[in-house]
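Written below as structure tokens is the structure these notes are about.
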There are 2 protein chains.
Amino acid sequence: MEPMKCEFDERIKLFEQVCKSKNIKITHQRMEIFREIATAGDHSDAESIYQRVKERLPTISLDTVYRALWLFNDLGLIKTLGATRERTRFDANLNQHHHFTCSVCGLIRDIYAKDFDELKLPNSINEIGQPYSTHVEVRGVCLTCSQNKKQDQR
Amino acid sequence: MEPMKCEFDERIKLFEQVCKSKNIKITHQRMEIFREIATAGDHSDAESIYQRVKERLPTISLDTVYRALWLFNDLGLIKTLGATRERTRFDANLNQHHHFTCSVCGLIRDIYAKDFDELKLPNSINEIGQPYSTHVEVRGVCLTCSQNKKQDQR
DNA sequence: CTGGGTGCAAATTCTTTGCAGCTTT
DNA sequence: AAAGCTGCAAAGAATTTGCACCCAG
């Protein structure tokens, strides 16, 4: 299912291309960090990436990892999971619903859609675990923000 | 679209029921905090709930708000948005994919499903903003965790 | 009354930043 | 050589915790 090696090389290439095109230096540290996150299919946090890269670059520091990861994110080379770079939010709406998140201002609006509620999970889910809830997250730019400016939409 | 008053009263009732059944005291603070989050349809963070509750209970402290919110969450009265209570995670997989999150151990696995990729957004989305990506998050208990124990699945 | 709950202040944890020296281009 | 990066250490932000007093049941 996963053409590992190939995928990996492609990603490295893309990484190099993007960096060059934006005049961003490809340092040892950045390369190793990118390698690490591109290899491991997991969804690591900065700390564990730091630990793994450290094995090869013992002098690297955690803040370099953070800076690199956010840089990659800004370049569109990786993504973050969850409502990141933000505080925990709480939701008292227990009805089945979904969310629209504005990537500019952080606004979250509820979405009600029957189609979303009735999603059929793929059979492969059984190889992973026992699901008990499904939720759709739409990302975009809210009306206010897109009217204000047609600016940096990630 | 939103039967406000009715919904609200129901939630308060549910709140009282659950608290009583679990021998959890319904203090002034908890009631006001719950009221606040049940009223405001938004997805507030602890700080803003704190600010709003403070208007009615000027002596309340932020940590009480946190304790109450996590309590409500554990009781199933509210939910949290995003990958909360955790660190930021990074994902190098840029292919269209979705996630299964284990609520016990925090494991995140990729899900590939055509149905998920091709979701039709409701028309109402246009009243909210300009969408550019859609992502399905399945929550559940992974095989390892459900084998280990059939324990606290939120 | 009595045990859980609150407020306060201090501690943690995760993440970011200032700065001087070091590397890529 | 120049601009951009890194590592260090210290700062910041969000959230949690210890403890003595207080209040709901």
Side-chain angles (χ1 to χ4, degrees), chain A residues 12 15-37 43-51 53-75 77-78 80-90 106, chain B residues 12 15-37 43-51 53-75 77-78 80-90 106:
Chain A
I12 299 285
F15 167 64
E16 292 176 332
Q17 274 173 21
V18 173
C19 285
K20 274 174 193 161
S21 77
K22 304 222 174 176
N23 249 50
I24 286 169
K25 291 183 181 169
I26 301 177
T27 61
H28 249 223
Q29 290 89 331
R30 284 181 179 160
M31 182 54 101
E32 291 306 319
I33 293 166
F34 189 78
R35 274 217 157 92
E36 194 55 53
I37 189 168
H43 310 87
S44 315
D45 54 45
E47 178 69 30
S48 65
I49 293 169
Y50 167 61
Q51 291 300 340
V53 172
K54 211 174 173 182
E55 291 171 17
R56 274 173 285 161
L57 299 179
T59 66
I60 200 169
S61 64
L62 180 56
D63 57 86
T64 298
V65 174
Y66 273 107
R67 282 188 273 224
L69 290 173
W70 286 120
L71 173 68
F72 300 163
N73 180 67
D74 292 344
L75 293 173
L77 292 167
I78 63 174
T80 57
L81 298 188
T84 58
R85 237 172 192 174
E86 283 185 10
R87 311 163 179 179
T88 303
R89 287 160 179 262
F90 299 87
Chain B
I12 298 286
F15 167 63
E16 292 177 332
Q17 274 172 21
V18 173
C19 284
K20 275 174 192 161
S21 76
K22 304 222 176 181
N23 250 50
I24 287 169
K25 291 182 181 171
I26 300 176
T27 60
H28 248 223
Q29 289 89 333
R30 284 181 179 160
M31 183 55 101
E32 291 306 319
I33 293 166
F34 189 79
R35 274 217 159 93
E36 194 55 53
I37 190 169
H43 309 87
S44 317
D45 54 44
E47 178 70 30
S48 65
I49 293 170
Y50 168 61
Q51 291 300 340
V53 171
K54 211 174 173 181
E55 291 172 16
R56 272 172 287 159
L57 299 180
T59 68
I60 200 168
S61 64
L62 180 56
D63 58 85
T64 297
V65 174
Y66 272 107
R67 280 189 274 226
L69 289 173
W70 287 119
L71 173 68
F72 300 162
N73 180 65
D74 292 344
L75 294 174
L77 292 167
I78 64 175
T80 58
L81 298 188
T84 57
R85 235 172 194 172
E86 283 184 13
R87 311 162 179 179
T88 303
R89 286 160 179 261
F90 300 86

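Every chain is numbered from 1 and lettered A, B, ... according to where its sequence line falls, protein lines coming before strand lines.
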Is any side-chain heavy atom of [X] less than 4.5 Å from a side-chain heavy atom of [Y]?
{"X": "A:Phe90", "Y": "B:Val65", "result": "no"}
{"X": "A:Val53", "Y": "A:Gln29", "result": "no"}
{"X": "A:Thr88", "Y": "B:Leu69", "result": "no"}
{"X": "A:Phe15", "Y": "A:Ile26", "result": "yes"}

* To do: Could you tell me the separation between the OG1 atom of B:Thr27 and the CD1 atom of B:Ile60, rounded to the nearest 0.5 Å?
  =>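 It is 8.0 Å, given to the nearest 0.5 Å.
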
* Asked: Atom CD1 in A:Ile33, atom OG1 in A:Thr64: separation rounded to 0.5 Å?
  ->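 Rounded to the nearest 0.5 Å, the CD1-OG1 separation comes out at 6.5 Å.
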
Given atom [atom1] of [X] and atom [atom2] of [N], what is their separation to the nearest angstrom?
{"X": "A:Leu62", "N": "C:dT13", "atom1": "CG", "atom2": "C1'", "result": "12 Å"}
{"X": "A:Trp70", "N": "C:dC14", "atom1": "CH2", "atom2": "P", "result": "15 Å"}
{"X": "A:Glu47", "N": "C:dT12", "atom1": "CD", "atom2": "P", "result": "17 Å"}
{"X": "A:Tyr50", "N": "C:dT16", "atom1": "OH", "atom2": "P", "result": "16 Å"}
{"X": "A:Lys20", "N": "D:dG4", "atom1": "NZ", "atom2": "P", "result": "18 Å"}
{"X": "B:Leu75", "N": "C:dG4", "atom1": "CG", "atom2": "C1'", "result": "14 Å"}
{"X": "A:Ile26", "N": "C:dT25", "atom1": "CD1", "atom2": "P", "result": "6 Å"}

* Asked: To 10°, what angle do the rotation axes through the five end pairs on each side of the helix from C:dC1-D:dG25 to C:dT25-D:dA1 form?
  ->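 End-to-end axis angle for the helix from C:dC1-D:dG25 to C:dT25-D:dA1: 50°, rounded to 10°.
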
* Considering residues at least two apart in sequence or located in another chain, which fulfil the salt bridge (Lys or Arg N to Asp or Glu O under 4.0 Å) criterion with B:Arg35? ->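 For B:Arg35, the residues satisfying salt bridge (Lys or Arg N to Asp or Glu O under 4.0 Å) (neighbours in sequence not counted) are B:Glu32.
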
* Structure fact -> Contact string for nucleotides 5-13 of chain D, one letter per nucleotide 5' to 3', B = base within protein heavy-atom range under 4.0 Å, S = sugar-phosphate only, - = neither, reads SSBBB----

* Exercise: identify the closest heavy-atom pair between A:Tyr50 and A:Ser61 ->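 So the two residues come closest at CE1-C, 3.6 Å.
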
* Asked: Considering all heavy atoms of both residues, which atom of B:Gly106 and which atom of B:Arg89 are nearest to each other, and what is their separation?
  ->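 Minimum heavy-atom separation between B:Gly106 and B:Arg89: O-NH2, 3.1 Å.
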
* Asked: Quick one: is D:dA14 close enough that its OP1 or OP2 comes under 4.0 Å of any side-chain N or O from A:Thr88?
  ->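 No, outside the criterion.
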
